[in-house]
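First up is the structure itself, then whatever we jot down about it.
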Amino acid sequence: FLPRETLEELPSWVPAKTVNLGLDLRGGAHLLYEADVELVIEERLSGILDTVRGDLRPARIGYTGLSATRETVSFSLTEPAAEEQALELVQRIVDEYNQASAGLSGGFGLSQDLLLRNDGPNFTITMTEGALADVATDAIAQSIEILRRRIDPDGTKEPTIQRQGFDRILIQVPGEEDTERLKRLIGTTAKMTFRFVDESTPLGEALAGRVPPGSELLPSSEVGGSGQALTAYVVKKRIMVSGESLIDAQPTFQQGAPVVSFRFDSIGARKFGDATRDNVGRLFAIVLDDEVISAPVIREPILGGNGVISGSFNVQSANDLALLLRAGALPAPLVVLEERSVGASLGQDAIEAGEFAAIVGLILVIVFMFL
């Protein structure tokens with residue numbers, strides 16, 4: 001009988017639970033996304049490749065052709081005499097991976113996610129079909145949970161977020177009017193890294209294609225003092241601190257301008273403190289989804305694990321960035337397959353017709369009982 005706004009103003013002891021209307025009655029946003037599961041599998045194999053490289057080099061085992069395809073990591077030994085030693089090292093990597101996979105799935109012993117085969121000096125690590133399916137399932141499940149935290153951080157909207165098929169996610173948000181903002185919140189991967197700016201490489205040379213091997217050219221969303229957009233930065237590829245170490249992010253104000261404050265866990269705080277203590281005076285780039293959102297100068301060591309991201313924010317964009325960072329990074333990019341905005345006019349007609357039918361029915365029942 002009462003609108004939600006009126007109920008919120010009443011004392012807490014008044015019953016305030018209301019019926020949550022669905023998309024068919026309130027209208028709202030209907031979105032169908034496809035997750036890039038192939039990228040997740042590629043990142044998983046790249047991690048295995050890096051582990052193999054990191055174990056073979058200290059053991060001084062020569063190899064060639066170390067590469068990763070969609071399902072395999074392969075390489076060949078340059079010295080066949082090292083086959084036994086290499087087999088022992090690589091088998092240990094495979095066993096540790098399978099042991100970890102079994103632990104995550106609640107099993108005991110070794111799973112069969114990775115299989116190792118060697119034909120003389122040629123080694124191949126293969127990810128099984130079951131493991132590929134598990135990676136996709138985990139990526140979709142993690143994406144659904146992160147999307148729920150992004151779309152409904154207060155737990156009041158009750159959106160419908162569910163898996164469809166192998167790699168698709170259906171999202172329905174009743175009452176959502178700003179579909180573009182919703183798409184921005186959903187479509188941002190929100191992978192944040194903290195890296196140093198390569199100040200030894202002039203931007204002009206980088207724009208001309210002469211970028212050093214250990215650096216890369218990234219676009220910037222910053223705005224300079226004259227109001228001109230700063231087009232790009234040359235940034236070191238080495239990640240000093242990963243956004244996975246963030247445990248909180250909140251919008252706030254600093255000198256009257258909207259900013260985002262953040263806080264690291266103990267490991268991230270130590271890395272952040274070491275990086276800022278040893279590099280006072282350097283530019284420290286904050287990179288979000290391969291775009292530099294801020295590149296402040298390190299004025300002094302930041303040892304407490306707390307920091308501030310400043311940039312060309314307004315109140316809404318600062319709120320959105322803080323929400324994305326709190327919710328976490330999506331494991332895979334999402335691509336829109338279908339988008340519909342459902343109007344509330346038809347649903348309102350149905351509600352009014354239902355109310356009218358209920359009142360008329362109640363009156364007729366009372367008249368019938370009286371008679």
Side-chain angles (χ1 to χ4, degrees), residues 35-36 39-40 42-43 46-47 139 142-143 145-151 153 181 183-198 214-223 230 232-252 254 257-276 279 282-298 302-334:
D36 190 356
L39 181 61
V40 181
E42 180 182 329
E43 290 178 349
S46 295
Q142 185 180 351
S143 296
E145 181 58 32
I146 290 172
L147 290 175
R148 193 176 305 280
R149 292 202 300 263
R150 290 185 181 184
I151 296 171
R181 176 175 177 266
K183 286 166 59 180
R184 286 196 301 272
L185 287 176
I186 293 172
T188 304
T189 310
K191 287 189 176 180
M192 176 170 281
T193 56
F194 294 80
R195 301 188 248 167
F196 286 113
V197 175
D198 185 357
S215 303
E216 60 181 332
L217 184 66
L218 295 180
S220 171
S221 61
E222 276 196 300
V223 177
L230 302 175
Y233 282 96
V234 184
V235 180
K236 295 285 188 180
K237 290 183 179 180
R238 183 187 175 192
I239 297 174
M240 303 306 296
V241 189
S242 171
E244 296 175 356
S245 299
L246 284 173
I247 58 176
D248 191 24
Q250 297 292 335
T252 183
Q254 190 177 71
V259 296
V260 177
S261 63
F262 60 88
R263 182 161 55 92
F264 288 115
D265 58 18
S266 57
I267 297 175
R270 188 183 70 251
K271 291 181 179 179
F272 193 65
D274 292 343
T276 55
N279 295 275
R282 293 187 62 181
L283 293 175
F284 204 27
I286 304 171
V287 182
L288 179 68
D289 290 343
D290 294 329
E291 182 180 50
V292 178
I293 60 174
S294 182
V297 177
I298 301 174
I302 305 173
L303 305 177
N306 300 305
V308 171
I309 302 172
S310 59
S312 51
F313 296 125
N314 55 35
V315 174
Q316 185 63 66
S317 61
N319 275 319
D320 289 348
L321 178 57
L323 174 61
L324 290 171
L325 295 179
R326 287 198 308 273
L330 287 170
L334 300 177

Report summary line: Heavy-atom nearest pair, Ala275 first then Phe284, reads CB-CZ, 4.4 Å

Query - Nearest heavy atoms of Ile186 and Arg150, plus distance in Å - result: O-NH1, 3.5 Å

Requested in this report: Flag the pair Phe272 / Ile302 as yes when at least one side-chain heavy-atom distance between them is below 4.5 Å, and no otherwise.
Outcome: yes

**Report entry** Non-hydrogen side-chain atoms of Leu218 and Arg195 separated by less than 4.5 Å
**Finding:** yes

Query raised in the report: Looking at Val197, Leu217, Asp198, which hits side chain to side chain contact (heavy atoms under 4.5 Å, CB included) with Tyr233?
Result: Val197

Query - Heavy-atom check, side chain of Ile146 versus side chain of Pro331, under 4.5 Å - result: yes

Query raised in the report: Say you draw a straight line from CD1 of Ile239 to OG1 of Thr193; how long is it, rounded to the nearest 0.5 Å?
Result: 5.0 Å

Report summary line: All heavy atoms of Ser215 vs all of Lys236, minimum pair found to be OG-CD, 3.7 Å

Report task. Look up atom CZ in Arg270 and atom CG in Leu303, then write down how far apart they are to the nearest 0.5 Å. Result -> 13.0 Å

Query raised in the report: How far apart are the C-alpha atoms of Ile309 and Phe262, what are their side-chain angles, what is the distance that settles it, and do they pass the side chain to side chain contact (heavy atoms under 4.5 Å, CB included) test?
Result: CA-CA 8 Å; Ile309 302 172; Phe262 60 88; 3.6 Å; yes

Requested in this report: May I ask you to decide if Leu330's main-chain N or O and Ser143's side chain share a donor-acceptor pair within less than 3.5 Å?
Outcome: no

Query - Validation row: Leu246, Phe264 side chains within 4.5 angstrom (heavy atoms) - result: yes

Query raised in the report: How long is the gap from CG on Leu288 to CE on Met192, to the nearest 0.5 Å?
Result: 5.0 Å

Report task. Go through the steps to decide whether Asp320 and Ser317 satisfy the test side chain to side chain donor-acceptor pair (under 3.5 Å), and finish with yes or no. Result -> CA-CA 5 Å; Asp320 289 348; Ser317 61; over 6 Å; no

Report task. I would like to know whether Phe196 and Ile298 meet side chain to side chain contact (heavy atoms under 4.5 Å, CB included); could you show each step before the answer? Result -> CA-CA 10 Å; Phe196 286 113; Ile298 301 174; 3.8 Å; yes

Report summary line: Closest non-hydrogen atoms of Ala318 and Val259, given as atom of the first, atom of the second and distance, are CB-O, 4.1 Å

Query raised in the report: Closest heavy-atom contact between Pro296 and Ile286?
Result: CD-CD1, 4.5 Å

Requested in this report: Please round to the nearest 0.5 Å and tell me the distance separating atom CZ of Arg263 and atom CG of Leu325.
Outcome: 13.5 Å

